[in-house]
*Asks:* 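Sharing a structure with you now.
Quick note on labels: first sequence line is chain A, next is B, and so on, each numbered from 1.
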Amino acid sequence: MQRRTHSSFLVAAKPRLADIISRLKPHFDYISVLATDDRGISYFALPGETRTTEPMWVQRGFVFRAQRGGKVAEYACAVLPGASDSSGPASAVATFTSSAANTIRDRLDALLADPSLIEFPQIPDEPAVAEYLGEIEEDPFTADPESILRRLAALRERITDGKTVVMAQARYECVDVSRMFLSPNRSLAQSFLWSQAYLFGVARRGQMSKMSYQPASGRKGLEILKNIEASVPRLAKELSDLLDAAPMEPGEYEVILDPDMAGTLAHEAFGHGVETDMFFKKRARAIEYMGKRVGSDLVTMYDGAAEVDQTGSFLFDDEGVFASKTLVIDKGILKSGISDTLSALALNIPRTGNGRREAFSHKAYARMTNTYFAPGSSTLDEMIASVKHGWQLSRLNSGMEDPRNWGIQLICMVGREIKDGKFTGRVASPIVCSGYVPDVLSKVSMVSGDFELGGSGACGKGHKEYAKVSSGGPYVKTSMRLG
Amino acid sequence: MMIQTIREAIASINANESVKIADWRLVERAISRQERYYIASRAEQARSVDDRSYTLTVYVDSAQSDKKFRGEATISLQPSLSKAECAAKIRQAAVAASKSHNSWFALPEPSAPKVVLPVSGFEALSPADQVEVARAALFSAAAEFEGSARINALELFITREQRRLLNSRGIDYSSVLWRGYSEFVVEADSPSGTVELFDDIEFSEPDPARLASSIATRLAQVRDRARAAPMPQLRGLPVILRGKEAEEAFAWFYGNSRTETVYSKSSAFEVGKSVQGSAPVAEPLDLWAEPAIAGLPASAAFDSDGFALERTEVIAQGILKTLTGSVRHADWLGLQRRGAFPLFSVSPGSMPLEVMHASPYLEPVMFSDFQLDSVTGDFGAEIRLAYYFDGKKVTPVSGGSISGSLGALCASMRRSVETAVTSRARCPVALMLTGVTITGNT
């Protein structure tokens, strides 16, 4: 295993940032800075071409947060004021003057003058010094680009037969996350790498096209490609099956959700629904159900960046709060929300380390990390055998929450029919799964002992603010409306 | 200064390294943004952002058996990079580009713009006034709305982006783009509790009427959601898609008419053939690629390669006439370069809304999240609010879902006479499909 290192840019910038914070401290009730230096690389093998780019997550910059009289403002910048382009960290430290602090103070003062700002309780600044360095097996930054492109090209060529599968593309990308949080009393640093890879295929018959994919992800390096390489025969068969898929006959069915679908149910149903900034806006019905039943005894659900290792894991969030593991639902009883700092302060509830940003230039919101159902005691075979007429659902396409009105939408690409405990061979696609969240969770009748997290996607807040998350858990049997 | 650093690094690599950068393209973006996060009428916090970034693509050529190849790699260069860091990143990109051996293509040469973009009205306003003019317009709709519906939360972003595009062939274009964006949640009280609807709007002008209208429309709809009935089981009813969902359906045709998708075979469309299948077509489609539409922030005189854009007919009477998209894929397909357009338009249909609404229909106006697969055309979504007309009266309904495949249903597609600007297009405000699977929740 290879241990990551902190960004040399952040290490070099730390004295200057600490100096700025100490100069700003007398002017505000609270002051902090989050500095980011996330680098990354993406490799694509497409029909007729290969390409190297960078993921959308690559960033380097600073966000200063200030509080005065309860009001909160943030100023984000790619370059510290006064630092000229290409001056570099060493010269930046040497040429530091109080002008940077003064400019940042002026920006924050102007923002805090807005009379419409809400007054929050004092943001805590408990003393803490900590760091985290992740580990990987195969470092994508030192690997030969040609070998990676060849591996990806071979993947897409293996699955493209020109008859059924007419097009395929393979993609690998990684982000080397490096973050530093400084305030008068806190000094935190973390660096780790996550990767994700996909193999997409398109099958075609006449004018009809069907698509499916195989993802892999984790706080790992190039080693995740092995999972994709092993999945090619299964994906090829799935694409072939999809060409014979029929539309779903609308109705209420027993369903077995695979870990990806089940995890997305958790994410959409009670992940977004317990983000406490939604409580603060009175947009989440969950606040009225704390301590009350929202699912069957088999439903236990967690969110947390701590204690599991996937793409949503970290040491501290983007507000400098340590990660935790939150028990959201315990045997069907709603227990707790996941919080960002401001909503936690406003609601007088614990800070759970869920304040996350898409980038330094974006606001922190209450966001999920790794969201999952706890495993149960059934086996998948037992679950299939128990179905009278229903569907096993897989290949999630998307999910959407409705925290106030508790509707749920999951769209998946593959449904396999089960009758009298056996697969019939019928396939349906696409499938819109919907229902009323408490109904869906109260009908959870079996939960498998499996546990699998997937983190190849991203979670938005509304239509933007993408954060890297994972979700999953076991197979879950329930009942949903399919169409 | 950063641009000079990048030029010097490229020159140094070409002078001293075995890998030579044959061509390059650089985009500089300097962004200033004001942000407000309102809960009811008060702001949770105020933010401002000063961001700058450089996106560099380097092209490295190779040859084999008299055939030329070109590889490429794209990197971001942050303004805080030192000269040494900058040079190292470009060197790594050049090495990565040298490992790709794609068919050769030429970068666009300098040319005059073929469209002129208007200067935004935001340009003359101070940062505080930029926020205030948009805030006032958005909140005015709530103040004037008669009924119990109201704004729960509203986020407002006013971004000024100064963009400069350069390449090694001599292109050097500068432009200023304004992007206003607001996400908002409106709510209303119902006998079973408060209900809400969520929407967003993009704008490039401080256009009070358009901004207020976007809020007013959703306020009226959330009032209807508060009294909506559960959606009954409905079979065989025409479905009328509105606004953004209609635009997304039209965008499927546009996306499958791009050089990239046809070259990669993810699109099954062929130039000269029908895009609406072989069955009799109710209303053949006409679609244009558009460089600019008034009020839309994505308007651009040049595409990301620096190719000058000019309005282009893509689909006429249901037949694919021309592909637009990246110039390299146009070259590889042996087609004339048209460029990659940010926007499109669709001609009005022949059916006025009044006529669409004369017979029984289901008209969803808000989904949980309408999903239309860009490759397969499969679509589906849970309905948060729809209007159901049974032939006698219109009833607001909620719950249930629709699903279908546009490729299979597009022959039956009918378009409204009325058109409007949405987020990426000017197109008919309504699109009627028959054969959609409707799932009720009763």
*Asks:* B:Tyr181 versus chain A, heavy atoms under 4.5 Å apart: side chain, backbone, both or neither?
*Replies:* side chain
*Asks:* Go through A:Lys461 and B:Glu155 one step at a time and tell me if the salt bridge (charged side-chain N to carboxylate O under 4.0 Å, His left out) criterion holds.
*Replies:* CA-CA 12 Å; A:Lys461 188 97 165 174; B:Glu155 297 187 353; over 6 Å; no
*Asks:* Between A:Arg39 and B:Glu85, does the salt bridge (charged side-chain N to carboxylate O under 4.0 Å, His left out) criterion hold? Intermediate values first, please.
*Replies:* CA-CA 12 Å; A:Arg39 61 182 184 141; B:Glu85 286 177 309; over 6 Å; no
*Asks:* A quick test of your reading: do over 12 heavy atoms of other residues, nucleotides or ligands sit less than 6.0 Å from CZ of A:Arg150?
*Replies:* no
*Asks:* Might you point out which heavy atoms bring B:Asn152 and A:Lys282 nearest each other, and give the distance in Å?
*Replies:* ND2-O, 4.2 Å
*Asks:* Using modelled atom types only, decide if a donor and an acceptor are shared between the side chain of B:Asp369 and the backbone of A:Gln409 within a distance under 3.5 Å.
*Replies:* no
*Asks:* Closest heavy-atom contact between A:Ser429 and B:Asp378?
*Replies:* OG-OD2, 4.5 Å
*Asks:* Quick one: of B:Glu196, B:Glu72, B:Lys265, B:Gln78, who has the most non-hydrogen atom pairs under 4.5 Å with chain A?
*Replies:* B:Glu196
*Asks:* What distance do A:Ser209 atom OG and B:Asn256 atom CG have between them, rounded to the nearest 0.5 Å?
*Replies:* 8.0 Å
*Asks:* Which bit of B:Ala96 comes within less than 4.5 Å of chain A, counting heavy atoms only: side chain, backbone, both or neither?
*Replies:* both
*Asks:* Please flag which part of B:Ser192 lies under 4.5 Å from any non-hydrogen atom of chain A: side chain, backbone, both or neither.
*Replies:* backbone
*Asks:* Between B:Asp373 and A:Asn397, what is the shortest heavy-atom contact and its length?
*Replies:* OD2-ND2, 4.0 Å
*Asks:* Side chains of A:Tyr75 and B:Asp50: closer than 4.5 Å at any heavy-atom pair?
*Replies:* yes
*Asks:* Which of residues 182-189 of chain B have a heavy atom under 4.5 Å from any heavy atom of chain A?
*Replies:* B:Glu183, B:Val185, B:Glu187
*Asks:* Among A:Met248, A:Lys210, A:Gln207, which residue has the highest count of heavy-atom pairs closer than 4.5 Å to chain B?
*Replies:* A:Lys210
*Asks:* Minimum heavy-atom separation for B:Phe198 and A:Gly462, please, with both atom names.
*Replies:* CZ-CA, 3.5 Å
*Asks:* Which answer fits B:Tyr37, side chain, backbone, both or neither, if we ask what part of it has an atom under 4.5 Å from a heavy atom of chain A?
*Replies:* side chain
*Asks:* Tell me, do B:Asp51 and A:Phe360 make a side-chain contact under 4.5 Å, heavy atoms counted?
*Replies:* yes
*Asks:* Of B:Arg47, B:Arg36, B:Arg135, B:Arg42, which is the lone residue that meets salt bridge (charged side-chain N to carboxylate O under 4.0 Å, His left out) with A:Asp114?
*Replies:* B:Arg36
*Asks:* B:Ser76, B:Ala73, B:Ser98, B:Gly380: which one forms the most heavy-atom pairs within less than 4.5 Å of chain A?
*Replies:* B:Ser76
*Asks:* Report yes if some heavy atom in the side chain of B:Gln45 is under 4.5 Å from a heavy atom in the side chain of A:Gln67; otherwise report no.
*Replies:* no
*Asks:* Would you say A:Glu49 and B:His329 make side-chain contact, with heavy atoms under 4.5 Å?
*Replies:* yes
*Asks:* Could you report the tightest heavy-atom contact between A:Leu149 and B:Ser100, atom names first, then the distance?
*Replies:* CD1-OG, 3.6 Å
*Asks:* What distance separates B:Ser401 OG from A:Leu482 CG, expressed to the nearest 0.5 Å?
*Replies:* 8.5 Å
*Asks:* By a 4.5 Å heavy-atom criterion (distance strictly below it), what part of B:Gln34 contacts chain A: side chain, backbone, both, or neither?
*Replies:* side chain
*Asks:* Counting only heavy atoms closer than 4.5 Å, note whether B:Ala408 contacts chain A via side chain, backbone, both or neither.
*Replies:* neither
*Asks:* Tell me, side chain or backbone of B:Ser264 under 4.5 Å from chain A's heavy atoms, or both, or neither?
*Replies:* both
*Asks:* So, taking the atom named OG in B:Ser368 and the one named CG in A:Leu410, what distance separates them when rounded to the nearest 0.5 Å?
*Replies:* 10.0 Å
*Asks:* Do you know which of B:Pro127, B:Ser266, B:Ala46 has the most heavy-atom pairs with chain A at a distance under 4.5 angstrom?
*Replies:* B:Ala46
*Asks:* Assess the residue pair A:Val79 and B:Arg52 against the criterion (side chain to side chain contact (heavy atoms under 4.5 Å, CB included)); give the C-alpha distance rounded to whole Å, side-chain angles, the decisive distance to 0.1 Å, and a yes or no.
*Replies:* CA-CA 8 Å; A:Val79 183; B:Arg52 195 180 324 151; 5.5 Å; no
*Asks:* Spell out, as yes or no, whether a donor-acceptor pair under 3.5 Å connects the side chain of B:Arg33 to the backbone of A:Ser361.
*Replies:* yes
*Asks:* Which bit of B:Ile438 comes within less than 4.5 Å of chain A, counting heavy atoms only: side chain, backbone, both or neither?
*Replies:* backbone
*Asks:* For residues B:Arg235 and A:Pro250, report the shortest heavy-atom separation together with the two atoms involved.
*Replies:* NH2-O, 4.2 Å
*Asks:* Closer than 3.5 angstrom, by distance alone: can the side chain of B:Glu382 be matched with the main-chain N or O of A:Ser434 as a donor-acceptor pair?
*Replies:* no
*Asks:* Take a 6.0 Å sphere around NZ of A:Lys464 and say whether it holds more than 12 heavy atoms from other residues, nucleotides or ligands.
*Replies:* yes
*Asks:* Begin from the C-alpha positions of B:Lys99 and A:Ile148 and carry the test side chain to side chain contact (heavy atoms under 4.5 Å, CB included) through to its verdict.
*Replies:* CA-CA 10 Å; B:Lys99 308 299 184 184; A:Ile148 300 171; over 6 Å; no
*Asks:* So what's closer than 4.5 Å to chain A heavy atoms on B:Ser398: side chain, backbone, both or neither?
*Replies:* neither
*Asks:* Do you know which of B:Val195, B:Ile402, B:Thr437 has the most heavy-atom pairs under 4.5 Å to chain A?
*Replies:* B:Val195
*Asks:* Do A:Asn405 and B:Arg225 pair up side chain to side chain, a donor and an acceptor below 3.5 Å, judged on atom types alone?
*Replies:* yes
*Asks:* Treating B:Asn102 as the side-chain partner and A:Thr50 as the backbone partner, does any N or O pair qualify as donor plus acceptor under 3.5 Å?
*Replies:* yes
*Asks:* Is B:Arg384 close to A:Met400 at the side-chain level, that is, under 4.5 Å between some pair of heavy atoms?
*Replies:* yes
*Asks:* Does A:Arg285 use its side chain to pair, donor to acceptor, with the backbone of B:Gly193 at less than 3.5 Å?
*Replies:* no
